2 protein chains.
Amino acid sequence: MSRKPISLKDIAKELNVSISTVSRALKNHPDISVALTTKIQALAREREFSPNPLAMGLLKQQTRIIGVIVPNLVTFFYSSIISGIESVARENGYYVLITSSYESYIKEKECVENLLSSRVEGLIVCLSKETKDYSHFEKIINKEIPLVFFDRVCRTSEFSSVVIDNRDMAFQIIKHFYESGARRIAHIAGPQHLSIACERFEGYQAGLKNCKLKFDKNLVEFIDLTIDDAAKAANKLLSLPDSPDAIFSVNDMVAYVTMKEIKRKGLRIPEDVLLVGITDEFHATVVDPPLTSIMHPTFDIGRECASLFFAQIQSKEKTPPIQKVMKTKLIVRESSVRKDRTC
Amino acid sequence: MSRKPISLKDIAKELNVSISTVSRALKNHPDISVALTTKIQALAREREFSPNPLAMGLLKQQTRIIGVIVPNLVTFFYSSIISGIESVARENGYYVLITSSYESYIKEKECVENLLSSRVEGLIVCLSKETKDYSHFEKIINKEIPLVFFDRVCRTSEFSSVVIDNRDMAFQIIKHFYESGARRIAHIAGPQHLSIACERFEGYQAGLKNCKLKFDKNLVEFIDLTIDDAAKAANKLLSLPDSPDAIFSVNDMVAYVTMKEIKRKGLRIPEDVLLVGITDEFHATVVDPPLTSIMHPTFDIGRECASLFFAQIQSKEKTPPIQKVMKTKLIVRESSVRKDRTC
DNA sequence: TTTTGTTCCGCAAAGCTTTGTGCAAAGCTT
DNA sequence: AAGCTTTGCACAAAGCTTTGCGGAACAAAA
């Protein structure tokens, strides 16, 4: 019908009352007579009035928008976390503005700028794999804008964050490998400036010690989280004279690439090499063999991020940063359960 | 430093000039002297002034926001399309508000309502699998708001849309199966009220005819696109006395489930059954055997959607709906190439 | 000195909502 | 009947930006 949405003014004019009267009537303000209130509400409903969020935002100085920065949207891990964020946001009448750093430090900085100039009320961020310098988040402290990091975090003494216990997770994986009979456990590790990669590597070492296995630096490959890099690393490990009997890949993508390389070498999983992935998703069940994997509560991580955001928004005083550690779970499938080598 | 972002007013006050002068100076308006312009611009830069998008939106009556509704965000297909939409939006200074219908008709209606009351400038939508009634899009016609459908479309005579040639795609798959030696080609089909599912079924039939194969209704299972449904359908087909030697699954998820069921039955791919998926993504290469798949230009589909949106926004007259058909490509991997059965 | 013309900047409105304050009329008390 | 309270609504400001128009100050021309 009407090209543009109708405003209080339109209703006021039609009913020959003032704008403020309409506004109050719609909120059932006692100042307005019942008769008039009914009439106004009826017309408002008929015309499908809804308050202009721009005007509200201008008045209240709030946009009701949360900015999110992920390294990559096209991924089960991030998209399901976003889904979790979005669900809490929606419950609170907020919207989510999603941007992607494409794993680039430069783009991440741009995203921060853009989101801030869009007047988002807060940020939920997972760092790009390149990010080593965190100064672009400093102005956020000054502006007292809520900021929550997840997964790849930094400056946890200043900002709230949602993480998993990477150290313990890696520890459990190694233990599981050991119990499955593995003795030469390799690790394809991520860049060590990334908190998660670093913690997983630490957990790997601690896990070895716990199993009384000696740390062998030849069994660790540090990669840049690209497919090519992962393939090269897997190959290098598998070509070792004394090659590993289990591989702990730093994330799921790397695990799948590793799986592919193991098969390409003519080796069998789990007979020759055990394998475990991280981030349990649908595809872990369809690969062959089904991939043992650490289940991340991705949706809940997202919800937790949003909750921490709202906690900060709602309390007017500066809240101390909170670190939330989420539980993961080892889902054992065939890829890590040793069968007899001769079978 | 400052808790709230600074405005023209702040700069004006600091420099003892009027707000309008500041506004003009920042745009290099000739009315303002060079000296004053320089001074104002310097201060604005120092204070990191950026115009308040809410105020601009209110003035210009535009939010620079595109609303997107997808059935499910947590999916390679949709998230990469969104990525494409976002890239074009960003180039044009627009933002994308993403909502998910979770494949529910009710939620889809809510999303439309919410986005409209958020004053998005247009919508880009992929229908939920439940949606058979399209009346919730009617008010969008009345309001003359740009609306672009993709993949699962409707009312193509009224709205622009971006699709792939599903009919031809299915046709090519059947042809490929036939050339690989398959003679009893089954189809796990989607709900027939969905344009894509329907077209694929048509293409399947046409493909059979083209190969001079007889249509056998026992070889077709219509499912509701759930994992359970898919597994049941696959099982039913594989339990047929004269079971199929090739299966065309309506989408990727169904293909993976089918693959799993085939293996569970002790059958081999491709020796006993050929299989083809749709939507080529990373995981197609890591399953065993690698899955032959139809590559969708997902990122470009997203970009095309956004382009159609901007075409409508920019032309003031009502533009006739455009249907854009994107090219797909059959990527042949091992799952569909017949080996000798005896091997 | 008065008129004409520049140059440079301020005023105000519009876009929409909320809310404190003001004001008129009606109802009440004494 | 005069004064007080209550009821019911309107006015205006604030939040921020853009832009048409008006106007002051000054220089040059008549």
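In what follows, chains carry the letters A, B, and so on, assigned in the order in which the sequence lines appear, proteins first and then strands, with residues in each chain numbered from 1. Bear in mind the structure is a predicted one, so any value in this text is a computation, not a measurement.
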- Message: The criterion is side-chain contact (heavy atoms from CB on, under 4.5 Å); which residues satisfy it with B:Gln314, sequence neighbours excluded?
- Response: B:Asn92, B:Phe310

- Message: If the cut-off is 4.0 Å, is B:Ser33 near the phosphate of C:dC9, judged by side-chain N/O to OP1 or OP2?
- Response: yes

- Please collect all salt bridge (charged side-chain N to carboxylate O under 4.0 Å, His left out) contacts where either partner lies in residues 68-89 of chain A, sequence neighbours excluded, each pair once. A:Glu86-A:Arg90

- Message: By the salt bridge (charged side-chain N to carboxylate O under 4.0 Å, His left out) test, which pairs, at least two apart or in different chains, include something from residues 47-68 of chain B?
- Response: A:Lys139-B:Glu48, B:Glu14-B:Arg47

Side-chain polar contacts of residues 25-34 of chain A - donor-acceptor pairs under 3.5 angstrom, sequence neighbours left out - could you list them?
unit_1, atom_1, unit_2, atom_2, d
A:Asn28, OD1, A:Gln41, NE2, 2.9
A:His29, ND1, A:Asp31, N, 3.0
A:Ser33, OG, A:Leu36, N, 3.4

- Hits for side-chain contact (heavy atoms from CB on, under 4.5 Å) against B:Ser79, two or more places apart or cross-chain, chain-then-number order -> A:Leu73, A:Val74

- What salt bridge (charged side-chain N to carboxylate O under 4.0 Å, His left out) pairs are there with at least one residue in residues 94-109 of chain A, not counting sequence neighbours? A:Glu103-A:Arg152

- Query: Dot-bracket for DNA chain C: what is it, with Watson-Crick or G-U pairs under 3.5 Å, [ ] where a pair crosses earlier ones, and | for a pair to another strand?
  - Reply: ||||||||||||||||||||||||||||||

- Note on the structure: A:Leu26 CG to D:dC9 C1', in whole Å, measures 15 Å

- Task: Any ring-ring contact (aromatic ring centres under 6.0 Å, His included) involving residues 66-92 of chain B? Give me the pairs, sequence neighbours left out, ordered by first then second residue.
- Result: B:Phe77-B:His296

Between protein and nucleic acid, restricted to nucleotides 15-22 of chain D and to nitrogen or oxygen atoms under 3.5 Å apart, what atom pairs and distances do you find?
unit_1, atom_1, unit_2, atom_2, d
D:dG15, OP2, B:Lys9, NZ, 3.3
D:dG15, O3', A:Gln61, NE2, 2.9
D:dC16, OP1, A:Gln61, NE2, 3.0
D:dC16, OP1, B:Lys4, NZ, 3.3
D:dT17, OP1, B:Asn52, N, 3.4
D:dT17, OP2, B:Leu8, N, 2.5
D:dT18, OP1, B:Lys27, NZ, 2.8
D:dT18, OP2, B:Ser23, OG, 2.8
D:dG20, N7, B:Arg24, NH2, 3.0
D:dG20, O6, B:Arg24, NH1, 3.2
D:dG20, O6, B:Arg24, NH2, 2.5

- Query: Can you tell me how far P of C:dC8 sits from CG of B:Leu15, to the nearest Å?
  - Reply: 17 Å

- Run the numbers on B:Ser161 and B:Phe150 for side chain to side chain contact (heavy atoms under 4.5 Å, CB included), then give the verdict. CA-CA 5 Å; B:Ser161 53; B:Phe150 69 90; over 6 Å; no

